[in-house]
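Step one of this worksheet: look at the structure below.
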Amino acid sequence: MPRASFTHHVAVPRSVDEIWERLQVAETWSNIGPVEDVWDAEHTDDGHLQRYRWSTTVGPRSYQGRAKVVGSEPGYLMRLDLDATEVAGTLTTRLSENGGDATQLEVTLEIESRGTLSTLFFPIVSDAVGRGLPAQVERFAESFE
């Protein structure tokens with residue numbers, strides 16, 4: 001099945017701890033990669049995000065999926081598996097101190113097509129997702145200002 005990977009880096013004018021806290025809020029993941037809407041989030045007793053449901057619209061159709069945290073190193077890395085009927089992938093964030101109260105945020109999205117129909121349209125979808133990721137990550141950074 002076709003695959004694609006995209007990465008974008010941005011400096012966020014907040015501490016690593018502030019960014020990490022925001023990553024635990026499911027709605028933070030709205031509008032990053034193929035994820036448009038987020039709902040039905042589950043957290044651990046201490047507030048760490050575990051999973052949520054999400055949806056996206058491609059043309060006239062809406063698709064639903066699930067996201068699950070599969071890797072978490074507090075203050076450094078969070079990795080989510082994205083699973084939907086037509087697409088699967090991984091959304092990874094890495095944080096590092098960038099001097100003072102700034103944080104370097106790296107977001108990597110890896111997506112893979114599923115099914116024959118999605119394979120036909122994958123080049124169009126992956127191109128749109130790849131072009132959109134930088135603006136999505138920049139908007140996330142701006143939300144802290």
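Throughout, numbering of the chain's residues begins at 1 and tracks the sequence. Please read all numbers here as calculations on a predicted model, not as lab measurements.
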(request) Sorted by first residue and then second, give each side-chain hydrogen bond (donor to acceptor under 3.5 Å, both in side chains) pair with at least one member in residues 44-56; sequence neighbours left out. (result) Glu36-Thr56, Glu42-Arg51, Thr44-Asp46, Asp46-His48, Arg53-Gln64
(request) Decide yes or no for Tyr63 and Val87: does some side-chain heavy atom of the first lie under 4.5 Å from some side-chain heavy atom of the second? (result) no
(request) Output, in order, the C-alpha distance, side-chain angles, deciding distance and verdict of side-chain contact (heavy atoms from CB on, under 4.5 Å) for Trp20 and Gln24. (result) CA-CA 7 Å; Trp20 183 254; Gln24 305 313 308; 3.2 Å; yes
(message) Using 0.5 Å steps for rounding, measure from the CG atom of Leu80 to the OG1 atom of Thr90.
(response) 9.0 Å
(message) Other residues, nucleotides and ligands only: do more than 12 of their heavy atoms fall within 6.0 Å of CG on Asp101?
(response) no
(request) State which residues pass side-chain hydrogen bond (donor to acceptor under 3.5 Å, both in side chains) with Arg3; sequence neighbours excluded, sorted by chain then number. (result) Glu112
(message) side-chain contact (heavy atoms from CB on, under 4.5 Å) for Leu77 and Thr93? Distances and angles first, verdict last.
(response) CA-CA 6 Å; Leu77 176 130; Thr93 57; over 6 Å; no
(request) Please round to the nearest 0.5 Å and tell me the distance separating atom CD1 of Ile111 and atom CG of Leu82. (result) 9.5 Å
(message) On a heavy-atom basis, which atom in Val16 and which in Gly75 lie closest, and how many Å separate them?
(response) CG1-O, 3.0 Å
(request) First locate atom CH2 of Trp29, then atom CZ of Arg22, and finally report the distance between them rounded to the nearest 0.5 Å. (result) 12.0 Å
(message) Check whether Gln104 reaches the backbone of Asn98 with its side chain - one donor and one acceptor, N or O, closer than 3.5 Å.
(response) no
(request) Only pairs at least two apart or in different chains count here, so list each side-chain hydrogen bond (donor to acceptor under 3.5 Å, both in side chains) that has a residue in residues 68-78. (result) none
(message) For Ala141 versus Val12, what's the shortest heavy-atom pair and its separation?
(response) CB-CG2, 3.8 Å
(message) Are Val137 and Leu105 packed together at the side-chain level, in the sense that at least one heavy-atom pair is separated by less than 4.5 angstrom?
(response) yes
(message) Checking Thr103 against Ser96 for the side-chain contact (heavy atoms from CB on, under 4.5 Å) test, could you report, in this order, the C-alpha distance in whole Å, the side-chain angles of both residues, the deciding distance, and whether it holds?
(response) CA-CA 6 Å; Thr103 299; Ser96 59; 6.0 Å; no
(request) Determine yes or no for a side-chain-to-main-chain donor-acceptor pair under 3.5 angstrom, with Glu18 supplying the side chain and Ser15 the backbone. (result) yes
(request) Please assess Leu91 against Val107 for the test side-chain contact (heavy atoms from CB on, under 4.5 Å), listing each intermediate value before the final yes or no. (result) CA-CA 7 Å; Leu91 185 56; Val107 177; 3.8 Å; yes
(request) Identify the two heavy atoms, one from Leu133 and one from Thr7, that lie closest to each other, and give their separation to 0.1 Å. (result) CD2-N, 4.2 Å
(message) Would a single hydrophobic cluster contain both Phe6 and Ile32, if residues Ile, Leu, Val, Met, Phe, Trp and Tyr are joined by side-chain heavy-atom contacts under 4.5 Å?
(response) yes
(request) Please determine, by modelled atom types, if Glu106 and His8 share a side-chain donor-acceptor pair under 3.5 angstrom. (result) no
